[in-house]
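Side chains are part of it too, since the values below use all heavy atoms of this structure and drop only hydrogens, waters and symmetry mates.
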Amino acid sequence: QVQLVESGGGLVQAGGSLRLSCAASGRTFSSYDMGWFRQAPGKEREFVAAISRSASNTWADFVKGRFTISRDNAKNTVYLQMNSLKPEDTAVYYCTARVRLFPFTKATMSAISEYDYWGQGTQVTVSS
């Protein structure tokens, strides 16, 4: 069982930045592929970014260089640095982990069904 706990959400003005963190339990964090999804009110959950166990990464088109995903295996933590935030980035952001060893591609990592564990989410609100 893997537990994921997100933090770092909050209220920020448009153009501002936030860094989300996700702390994972377990002694084999370095072997997990990790991802971030988000869900806005009334909308489906959507893929944001993912980072593989070898630190390759992929991201949704709407990120457009604004967000960066990274990981610190010594701290069992994955991060999402979000810059140039827009009101449309307002959502609950979820951290997720894939423990199975499958190919790491944008197509696979953007699928909700690909992941094994989810955090409870952290709210990000961007005001205009």
Side-chain angles (χ1 to χ4, degrees):
Q1 188 75 11
V2 177
Q3 292 185 325
L4 304 173
V5 179
E6 304 96 335
S7 62
L11 174 64
V12 64
Q13 290 187 331
S17 298
L18 281 175
R19 188 176 81 156
L20 306 183
S21 300
C22 172
S25 66
R27 292 175 290 179
T28 56
F29 173 78
S30 61
S31 67
Y32 308 156
D33 296 321
M34 302 296 296
W36 287 97
F37 281 70
R38 71 184 187 182
Q39 188 167 18
K43 295 188 176 181
E44 293 186 350
R45 192 169 297 190
E46 65 177 351
F47 171 69
V48 177
I51 186 166
S52 73
R53 57 202 73 195
S54 61
S56 298
N57 55 63
T58 186
W59 50 87
D61 290 343
F62 65 77
V63 169
K64 292 181 180 179
R66 299 184 298 128
F67 297 179
T68 303
I69 188 170
S70 61
R71 66 191 298 160
D72 186 336
N73 290 336
K75 295 182 178 180
N76 280 17
T77 301
V78 62
Y79 303 98
L80 185 68
Q81 177 67 44
M82 304 187 294
N83 300 325
S84 302
L85 284 162
K86 305 175 182 180
E88 51 263 43
D89 294 318
T90 295
V92 177
Y93 283 71
Y94 296 91
C95 174
T96 185
R98 184 179 75 170
V99 302
R100 296 163 292 160
L101 185 60
F102 283 145
F104 183 89
T105 67
K106 183 175 181 178
T108 57
M109 300 311 291
S110 61
I112 291 174
S113 59
E114 194 70 13
Y115 295 88
D116 304 297
Y117 299 99
W118 292 82
Q120 292 300 306
T122 185
Q123 175 70 46
V124 171
T125 303
V126 185
S127 63
S128 57

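Linking ILVMFWY residues whenever their side-chain heavy atoms come closer than 4.5 Å, directly or via other members, leaves I51 and V5 in distinct clusters. Under the 4.5 Å side-chain heavy-atom criterion for grouping Ile, Leu, Val, Met, Phe, Trp and Tyr, F104 is not connected to V2 through any hydrophobic cluster. By the criterion of side-chain heavy atoms lying less than 4.5 angstrom apart, applied directly or through intervening Ile, Leu, Val, Met, Phe, Trp or Tyr residues, L4 is not grouped with F47; the two fall into different hydrophobic clusters. A continuous path of ILVMFWY side-chain contacts below 4.5 Å connects M82 to V48, so both sit in one hydrophobic cluster. The hydrophobic clustering, which links ILVMFWY residues whose side-chain heavy atoms are closer than 4.5 Å, places Y115 and I69 apart.
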- Query: Yes or no on side chain to side chain contact (heavy atoms under 4.5 Å, CB included) for V12 and T125, after CA distance, side-chain angles and deciding distance?
  - Reply: CA-CA 6 Å; V12 64; T125 303; over 6 Å; no

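Y79 places no side-chain N or O within donor-acceptor distance of the main-chain N or O of D72, the cut-off being under 3.5 Å. Using modelled atom types, no side-chain atom of R98 and backbone atom of D33 make a donor-acceptor pair closer than 3.5 Å. The closest donor-acceptor contact from the side chain of D116 to the backbone of V99 lies under 3.5 Å. A donor-acceptor pair under 3.5 Å is formed between the side chain of E6 and the backbone N or O of C95. A distance-only check finds a donor-acceptor pair linking the side chain of T90 to the backbone of V126 [under 3.5 Å]. Judged by distance alone, with hydrogens and angles left aside, the side-chain atoms of R66 form no donor-acceptor pair with the main-chain N or O of Q81 at under 3.5 Å. A donor-acceptor pair is defined here as one N or O able to donate and one able to accept, closer than 3.5 Å; no such pair exists between the side chain of T77 and the backbone of R71. Under the 3.5 Å distance criterion, the side-chain polar atoms of T105 are matched with a main-chain donor or acceptor of T108. In this structure a side-chain-to-backbone donor-acceptor pair under 3.5 Å is missing from Q39 to E44.
In this structure, R45 forms a cation-pi arrangement with Y94, its terminal cationic atom sitting closer than 6.0 Å to the ring centre and no more than 45° off the ring axis. The cationic group of R53 does not satisfy the cation-pi geometry with F29, failing either the under 6.0 Å distance to the six-membered ring centre or the 45° limit from the ring axis.
Ionic pairing of D89 and R38 is present here: one or more N-O contacts between side-chain nitrogen and carboxylate oxygen are shorter than 4.0 angstrom. Salt bridge D61/K106: present, at least one basic N to carboxylate O contact under 4.0 Å.
Distance check: F67 CZ to S84 OG gives 9.0 Å after rounding to the nearest 0.5 Å. To the nearest 0.5 angstrom, S52 atom OG is 8.0 Å from N57 atom CG. Here F62 contributes atom CZ and K86 contributes atom NZ; the two are 10.0 Å apart, rounded to the nearest 0.5 Å.
By the 4.5 Å heavy-atom criterion applied to side chains, L80 and T68 are not counted as neighbours. Under the 4.5 Å side-chain criterion, counting only non-hydrogen atoms from C-beta, W36 is not in contact with T96. Side-chain contact between V92 and T122 is absent, with no heavy atoms from C-beta onward closer than 4.5 Å.
With ring centers used as reference points, W118 lies under 6.0 Å from F37. When ring centroids are compared, Y117 and Y32 stay outside the 6.0 Å threshold.
In terms of heavy atoms, G9 sits closest to V124 at CA-CG2, 4.1 Å. Here the closest non-hydrogen pair linking M34 and A97 is SD-CB, 3.6 Å. Nearest heavy atom pair, residue A14 against residue S128, reads CB-CA, 4.4 Å.
Surrounding CD of Q3 are at most 12 heavy atoms belonging to other residues, nucleotides or ligands under 6.0 Å away.
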